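Bear in mind the structure is a predicted one, so any value in this text is a computation, not a measurement. Just so we're on the same page: letters track the sequence lines, and every chain starts at 1.
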Number of protein chains: 2
Amino acid sequence: MVKPATLRKSEVTRRNILAEASASLRRLGLERLSVASLMGSLNLTHGGFYAHFKSKDDLAAEAVTYAFDEISATMVKATEGRSPREALIAAIDQYASLESRNCVEKSCPSTSLANDAPRFPSLARERFAEGLERFPARIERLLREIGHEDPRRAARSAVSELLGAMIVARATLDTDSASDILLVSRDAVKKRLGLL
Amino acid sequence: MVKPATLRKSEVTRRNILAEASASLRRLGLERLSVASLMGSLNLTHGGFYAHFKSKDDLAAEAVTYAFDEISATMVKATEGRSPREALIAAIDQYASLESRNCVEKSCPSTSLANDAPRFPSLARERFAEGLERFPARIERLLREIGHEDPRRAARSAVSELLGAMIVARATLDTDSASDILLVSRDAVKKRLGLL
DNA sequence: CATAAAATATGATGAGCATCATATTATTGA
DNA sequence: TCAATAATATGATGCTCATCATATTTTATG
């Protein structure tokens, strides 16, 4: 029997697991993400999981990359067709938005998983370290395009601040304070990049 | 029988548990910190734990505050007797040092636990939110002393960047890159605060 | 030294977990 | 419709964990 063109059934399931895992991972962290509840949220049972992934560690590695791919796509959508300058502003506003604070599962994995990453299984850890570089690389590129004198350092500094602000905002109980923390950092970053 | 002056025995043990928990918490996160292994590392057995703490949640709340107290003391030691300007520089260098990156259990809990804080049991979460404000408050005070025009925002921006840089540095596999990330942010912060 | 009380240890319970062997159901090609 | 195969479900195993009731050891006082 030759491979039928409709080997796709399980491919779809696999993809669904991955998408759900990528969201749950950000919401719950790797420890609290259980195979059984993950499958359950797709109306599947735990056993079938191992037909799609070798192990939970394997899933973790794939889900990390999947999450970074998702946020990259979001970022592209938010910036495409704009001038470098406008793209920078949009990127900053999108990365450190209040909506991102309140919706962890759609936001950048860096902001929700960075603390756990050093304890990730090794492949997931590597994938995370790769993904972590995507945003600063993008900012650096845009800064270079507008002729910034030190794009590398400026991008690093900007990304560290935006990421830090998001993490602090999420750990802050009062919503108004959290919102202010994000606003202050978006403004501070834009200002020193000459975008205001 | 009147309370003997030497009721202290269990007080000492309690304190040891707390100190060990405060370090392990930062190293492992709350999930991976197990009561049995915590007690084991003090050469005690798991059962005795409940003579000192009502529950693991109770310990978590106390350990969070204990950790913030420890880092506050470190910060005081690093800055005491200095001019506000010199104190600011010392505070920045200590907070975002490479040593802190490599020794999580002695560094600021904000940098190791912020991601988990939203999932902490409620009292621990409140305690964390309190502790989180200590460092920005200190920086703001120092900035006010040197006559900064907007100490509140400047302190917020600085702390977000330093915290973000530490988290990124820890998630970065290459040690040289990690070291550079910290250096870039320490410099960027000092520069815009007029400390260089 | 003897005894009361404090401090700590033992062992059990029940829950949640990743994983896997095996069974069942769904789908496809003849 | 029927058989082959893919997809998913069931149930079990062995682990780690928080918690607690109870037992033992240590300490300090008379």
### Task
Quickly work out the B:Leu44 CG to C:dT10 P distance and round it to whole Å.
11 Å

### Query
To the nearest Å, how far apart are A:Met39 CE and C:dT19 C1'?
13 Å

### Message
Taking 4.0 Å as the cut-off, does a side-chain nitrogen or oxygen of B:Ser10 come that near to OP1 or OP2 on C:dA6?
### Response
no

### For atom CZ of A:Arg14 and atom P of D:dA6, their distance in whole Å
17 Å

### Task
Check every strand shown and say whether B:Leu33 touches a base, only sugar-phosphate, or nothing at a heavy-atom separation below 4.0 Å.
sugar-phosphate

#### Entry: Close side-chain approach of A:Asp57 to A:Leu123, heavy-atom, < 4.5 Å
no

### Query
Whole-Å distance between C:dC17 P and A:Leu30 CG?
13 Å

### Task
Mind calculating the distance between CG (B:Leu38) and P (D:dT16) to the nearest angstrom?
17 Å

### Message
Looking at B:Lys190, I'd like to know if its NZ atom is crowded, meaning that more than 12 non-hydrogen atoms belonging to other residues, nucleotides or ligands lie closer than 6.0 Å.
### Response
yes

### Query
In whole Å, what is the span from the NE2 atom of A:His46 to the C1' atom of D:dT13?
11 Å

### Task
Go through the steps for A:Glu161 and B:Ser157 under the test side chain to side chain donor-acceptor pair (under 3.5 Å), then give the verdict.
CA-CA 7 Å; A:Glu161 174 160 356; B:Ser157 165; 2.9 Å; yes

### Query
Are A:Thr13 and D:dT8 close enough that a side-chain N or O sits under 4.0 Å from OP1 or OP2?
yes

### Message
Side chains of B:Arg170 and B:Thr111, heavy atoms from C-beta outward: is any pair under 4.5 Å?
### Response
yes

## Note on the structure
Considering only heavy side-chain atoms of B:Lys56, the closest of D:dT8, D:dT19, C:dC20 is D:dT19

### Message
Rounded to whole Å, how long is the line connecting atom CG of A:Asp58 with atom C1' of C:dC20?
### Response
16 Å

### Query
Which part of the nucleic acid does B:Asn43 contact within heavy-atom distance under 4.0 Å: base, sugar-phosphate only, or nothing?
sugar-phosphate

#### Entry: Sub-4.5 Å side-chain heavy-atom contact between B:Asp116 and A:Asp116
yes

### Task
Rounded to the nearest angstrom, tell me the gap between atom CD1 in A:Ile17 and atom C1' in D:dA7.
11 Å

### Task
State which of C:dT8, D:dA9, D:dA12 makes the closest approach to the side chain of A:Thr45.
D:dA9

### Task
Check every atom of C:dA18, D:dC17, D:dT19 against the side chain of A:Tyr50 and return the nucleotide holding the closest atom.
C:dA18

